[in-house]
There are 2 protein chains.
Amino acid sequence: MRAPRANSREKILAAAADVAREAGPGSLSLEAVASRAGVSKGGLLYNFPTKAKLMQGLVENYLRDFQKALEARTAEARHESALSAYIKLSADDCERPKPSASWIFSAIAEDPDFLAPIKAFKHQLLERLKEETSDLGSLLICFLAIEGLRSMNLFDSDVLSEDEHKLLVASLLKIAG
Amino acid sequence: MRAPRANSREKILAAAADVAREAGPGSLSLEAVASRAGVSKGGLLYNFPTKAKLMQGLVENYLRDFQKALEARTAEARHESALSAYIKLSADDCERPKPSASWIFSAIAEDPDFLAPIKAFKHQLLERLKEETSDLGSLLICFLAIEGLRSMNLFDSDVLSEDEHKLLVASLLKIAG
DNA sequence: CTTACTGTACCGGCTGGACGGTCTTGTCAA
DNA sequence: TTGACAAGACCGTCCAGCCGGTACAGTAAG
C-alpha cells in the first residue's frame, strides 16, 4: 500500500507551511509535519536529513515561487514598469487573509541566518528597480510601503480595511507612475 | 550577596530582550533569561509565574515605552503634525542597527495571540492619525512605509543604505506635509 | 524465467537532551 | 515575622536525530 506518487518533498514542504499557519509557528515539529504530509518521521528525515534542511527548503521554495510569480507579472504586461508589477503582485498576495508564510517565524527561531537568502533577494530586487526609475525617493517609499504591507500580512494584522487597502494600492501606483 | 534594591522585574525584562537579540529568539529559555538577569530561576518564576506572563510583560513594557516616546515627541514639537512626529521617531528607532525587539519572535512562537495588544495599538494609532489629516492616501502610504521600515529593522535587514534611509525619511516628511 | 544482489524510498520505535514548571530549603532586610 | 528573593534538585513532556527494519524496482547472471 505504498504511495505510488513519489514526490514527497513538495508534500512535506506544503505540509510544513500548513502546520505553521494553522497550529502556530511554535508547533512546527518534525512529527507534526510528517503526519500532516501523510509521511512517517523516517520518511521526512529521508528527504530532509535535518530540521535545518527543511527550513532551508522552505526558504528556497518560497523564493523560487516568488521570483516565478514576479517574472510572470512583469512579462504579461510589458507596457508598465516592473515596480507597478511588483506592487500589484504584492497587493494580490496580501489581499487574502492568509499569513501563508508563518513558517518564517519557525525558521527565525531555529536560526535567524535562514533569512539571509530572502534579504539578498530583496536587496537584489531593489537594485533592479532602481535601474528603472529616476525618482529614487518615490521608489523607496513604494518599496517600503509594500514591505509594510507584507509584514502586516505576515503578522496576520488586519489594521487596514479593504477600502484602505485599495486606496493604498491606487496611491502607490500613482506615485510609481 | 543579594542585589540591594534593584527591581528584578525590569532587569529580567531587559535580560530577556538581550538574550533574544544575542542568542536568537529560539534560545529564549527561562534559565537563560534568569542567568542573564543575575537572578535564579526561582526568582524569575517569582516575578513571572509562567513563561507566558513573561512574554506578556515584554509586550506591555514595549508598548508603554513606545507610547511614552511618541507622546514626548508630539509634545516637544507642537507646530508639526503627529504623523511627522511618528515618522521621525520611527526613523530614529530604526537608524541604529539594533533589532532590539527580536523577543517578538519568541512570543509568536509561544502563542501568536501575544501580538494582539500590539495590533490594537497600531490600529488605534492609525485611527488617531486619520483624524488629523485630510489626505488618507498619503497617510496610508506613510504609515505603511514606516511599518516596512520597522519590519526591516526587526528582521535585521540592512537593505537600505544610510543615504537611502535619509532620503526615504525626507520624502515621507514631504508627503506628510 | 528465476534467483540473487543492489539501491531507493520510506517506516516507526527509541533515546538522549532540553525545557517549563514545581517544590523545598535557606537567607536577609524591614 | 514576613516578604522578596537565592539556589537548585526534580519531574514530566516534548522533540530532533538515529537506527534497524521493510517494500519494491531494477538488473544481471545462470
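All chains are named by letter (A, B, ...) in the order of the sequence lines, taking the proteins before the strands, and each is independently numbered beginning at 1.
Nearest heavy atom pair, residue B:Lys51 against residue B:Leu28, reads NZ-O, 3.0 Å. Closest heavy-atom contact between B:Trp103 and B:Ala17: CD1-CB, 4.0 Å.
For A:Asn47, a side-chain nitrogen or oxygen approaches OP1 or OP2 of C:dC10 to under 4.0 Å. Between B:Ser40 and D:dA7, a side-chain N or O to OP1/OP2 separation shorter than 4.0 Å is absent. Contact between the side-chain N/O atoms of A:Ser29 and the OP1/OP2 oxygens of D:dC14 is not found at any separation under 4.0 Å.
B:Lys68 has no carboxylate O lying under 4.0 Å from a charged side-chain N of B:Glu71, or vice versa, which leaves the two without a salt bridge. A salt bridge between B:Lys166 and B:Asp163 is absent, with no side-chain N of the basic residue lying under 4.0 Å from a carboxylate O of the acidic one.
The CG atom of B:Leu149 sits 10.5 Å away from atom CD of A:Glu147, with the distance rounded to the nearest 0.5 Å.
B:Phe48 has its CZ atom 20 Å from the P atom of C:dC19, to the nearest Å. In this structure, A:Tyr46 places its OH atom 16 Å from C1' of D:dC18, rounding to the nearest Å. When the C1' atom of C:dG20 is taken as reference, atom CE of B:Met55 falls 11 Å away, rounded to whole Å. In this structure, the CG atom of A:Leu44 is 11 Å from the C1' atom of D:dA16, given to the nearest Å.
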Please tabulate, one pair per line, each protein N/O and nucleotide N/O from nucleotides 21-25 of chain C that are separated by under 3.5 Å, including the distance.
unit_1: C:dG21; atom_1: OP1; unit_2: B:Thr50; atom_2: OG1; d: 2.9
unit_1: C:dG21; atom_1: OP2; unit_2: B:Thr50; atom_2: OG1; d: 3.4
unit_1: C:dG21; atom_1: OP2; unit_2: B:Lys51; atom_2: N; d: 2.7
unit_1: C:dG21; atom_1: N7; unit_2: B:Lys41; atom_2: NZ; d: 2.9
unit_1: C:dG21; atom_1: O6; unit_2: B:Lys41; atom_2: NZ; d: 2.7

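By the 6.0 Å contact criterion, CD on B:Glu10 is open, its count of non-hydrogen atoms from other residues, nucleotides or ligands being 12 or less. Surrounding CZ of B:Arg78 are at most 12 heavy atoms belonging to other residues, nucleotides or ligands under 6.0 Å away.
From one end of the helix from C:dC1-D:dG30 to C:dA30-D:dT1 to the other, with five pairs defining each end axis, the axis direction shifts by 10° (rounded to 10°).
Side-chain contact, A:Arg150 with A:Asn153: no donor N or O sits under 3.5 Å from an acceptor N or O.
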